[in-house]
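First the structure, in the form of structure tokens, and then the observations on it.
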Amino acid sequence: MLWERTTGAARRPRVRFGRDLPTAPSTRRVVIAAAALVGVWGGSTLLRVAHLPPGPIDRAWDAVVMRASGRVSRGVAEGMAVVGSGPSGTALVVAAGALIGATRGWFWGASVGVTSIVSVLDRAGLKALAQRARPDDAYGVLDAFPSGHTTFAALLGTVVILFERRTAVRGAAIGFIAAMAWSRTQLRAHWLTDVLGAVVLGSAEAVLLLAAAHRLRESSSRWRDAAPAAREAARRLPARGPRGG
């Protein structure tokens, strides 16, 4: 344990920053996350099969953001678009994985990267299934649901929330998710339900994949703990001599 000096008082323990491991999601949270993931896939299927048009909530929100649109808001939204994709998005994932790896261990840092890759594949399948038109087809054709930028933000933000207990950091993560969701509707790259579905998707993926990482970690620990005992038991077995002819 590390100690720090105090003037005129006894020494007190200094906690090493960040070494506490993330708490495993409860069974209730895992069930809710799994149901949410199934719901997003069900919504994507419904969009494809029923060819549902944008709903009243989508039209109403689109009208609100267009009325409030201006040079500043559009500039901020375009900046968020850059942050959430391409080299900038990759850099954010690498930075988050490196920070978590340095403070929690390489296993958890690698888990962030694996989670991000699985999420990319998951939302690619959802987009291909739903084939929903965007408000402005300049941003793509038949790939509106779910919003990839918002899924990325929700995934990364939820990972931060699960790993970090400080209220200020968690608040910043929630703000990042909200800002990204708003920016995609501000640019008319997505309908409101596209970004809402993406928030649910990214959050559910983070919870489920962290739960899977915990299960893998626990299984690996049990195996390492049992291995020495198994080797000792094997060493103590009586040696069998050659059978007589």
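Note that the numbering runs from 1 along the sequence shown for the chain. Computed from heavy atoms alone, side chains included, the values below leave out hydrogens, waters and symmetry copies.
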Those residues at least two apart in sequence (or on a different chain) that pass side-chain contact (heavy atoms from CB on, under 4.5 Å) with Ser73 are Ser69, Trp182, Gln186
Criterion side chain to side chain contact (heavy atoms under 4.5 Å, CB included) on Val118 and Val114, from CA distance to verdict: CA-CA 6 Å; Val118 172; Val114 173; 4.3 Å; yes
Taken in chain and number order and not counting sequence neighbours, the residues that satisfy side-chain contact (heavy atoms from CB on, under 4.5 Å) with Ile161 are Arg170, Ala173, Ile174
Give a yes/no verdict on a cation-pi contact between Arg217 and Phe107, requiring under 6.0 Å between NZ or CZ and the six-membered ring centre and an angle within 45° of the axis. yes
N/O donor to acceptor pairs below 3.5 angstrom from side-chain atoms of residues 137-144, sequence neighbours left out:
residue: Tyr139; atom: OH; partner: Arg74; partner atom: NH2; Å: 3.4
residue: Asp143; atom: OD1; partner: Arg134; partner atom: NE; Å: 2.7
residue: Asp143; atom: OD1; partner: Arg134; partner atom: NH2; Å: 3.4
residue: Asp143; atom: OD2; partner: Arg134; partner atom: NH2; Å: 3.4

Applied to residues 188-202, the salt bridge (charged side-chain N to carboxylate O under 4.0 Å, His left out) test, sequence neighbours excluded, yields Asp62-Arg188, Arg132-Asp194
Note: Ala204 and Ala33 closest approach over all heavy atoms is CB-O, 3.4 Å
* To do: Say whether, by atom type as modelled, one donor and one acceptor occur between the side chain of Asp136 and the main chain of Leu187 under 3.5 angstrom.
  => no
Output for pair (Leu162 CG, Leu209 CG), nearest 0.5 Å, gives 11.0 Å
For Phe145 and Val40 the tightest heavy-atom approach is CE2-O, 3.9 Å
side-chain contact (heavy atoms from CB on, under 4.5 Å) filter on Val199, not counting sequence neighbours, yields Thr150, Ile177, Ser203
Is there a continuous path of hydrophobic side-chain contacts, each under 4.5 Å between heavy atoms, that joins Leu129 to Leu37? yes
Are Val93 and Met80 co-members of a hydrophobic cluster defined by side-chain heavy atoms under 4.5 Å apart? yes
For this session: Evaluate the criterion side chain to side chain contact (heavy atoms under 4.5 Å, CB included) for residue pair Leu126 and Thr151; output intermediate values, then yes/no.
Result: CA-CA 12 Å; Leu126 286 163; Thr151 302; over 6 Å; no
Assigning hydrophobic clusters by single linkage (Ile, Leu, Val, Met, Phe, Trp, Tyr; side-chain heavy-atom cutoff under 4.5 Å), is Leu99 placed with Val94? no
Rounding to 0.5 Å, atoms OG (Ser147) and CG (Leu192) come to a distance of 11.0 Å
- [ ] Identify whether Val160 and Val83 are in the same connected component of the hydrophobic contact network (ILVMFWY, side-chain heavy atoms under 4.5 Å).
- [x] no
Between the CZ atom in Arg123 and the CG atom in Leu121, the distance rounded to the nearest 0.5 Å is 9.5 Å
Could you walk me through whether Phe152 and Ser119 pass the side chain to side chain contact (heavy atoms under 4.5 Å, CB included) check?
CA-CA 8 Å; Phe152 163 77; Ser119 177; over 6 Å; no
Heavy atoms of Leu156 and Ala96 approach each other most closely as CD1-CB, 3.8 Å
Taken to the nearest 0.5 Å, the spacing of Trp41 CH2 from Leu201 CG works out to 9.0 Å
Hey, mind stepping through Thr115 and Leu210 against side chain to side chain contact (heavy atoms under 4.5 Å, CB included) and telling me if it holds? CA-CA 8 Å; Thr115 299; Leu210 181 61; over 6 Å; no
Scanning both residues in full, the closest heavy-atom pair of Ala206 with Val159 reads CB-CG2, 4.1 Å
**Request:** Report the relative orientation of the aromatic rings in Trp108 and Phe163; use parallel for angles under 30°, tilted for 30 to 60°, perpendicular for over 60°.
**Result:** perpendicular
Contacts of Ala50 meeting side-chain contact (heavy atoms from CB on, under 4.5 Å) (sequence neighbours excluded), chain-then-number -> Leu46, Leu52
Taking every heavy atom of His190 against every heavy atom of Pro146, the minimum-distance pair comes out as CE1-O, 4.2 Å
Does Met180 share a hydrophobic cluster with Val82, counting links as ILVMFWY side-chain heavy atoms below 4.5 Å and allowing steps through other members?
no
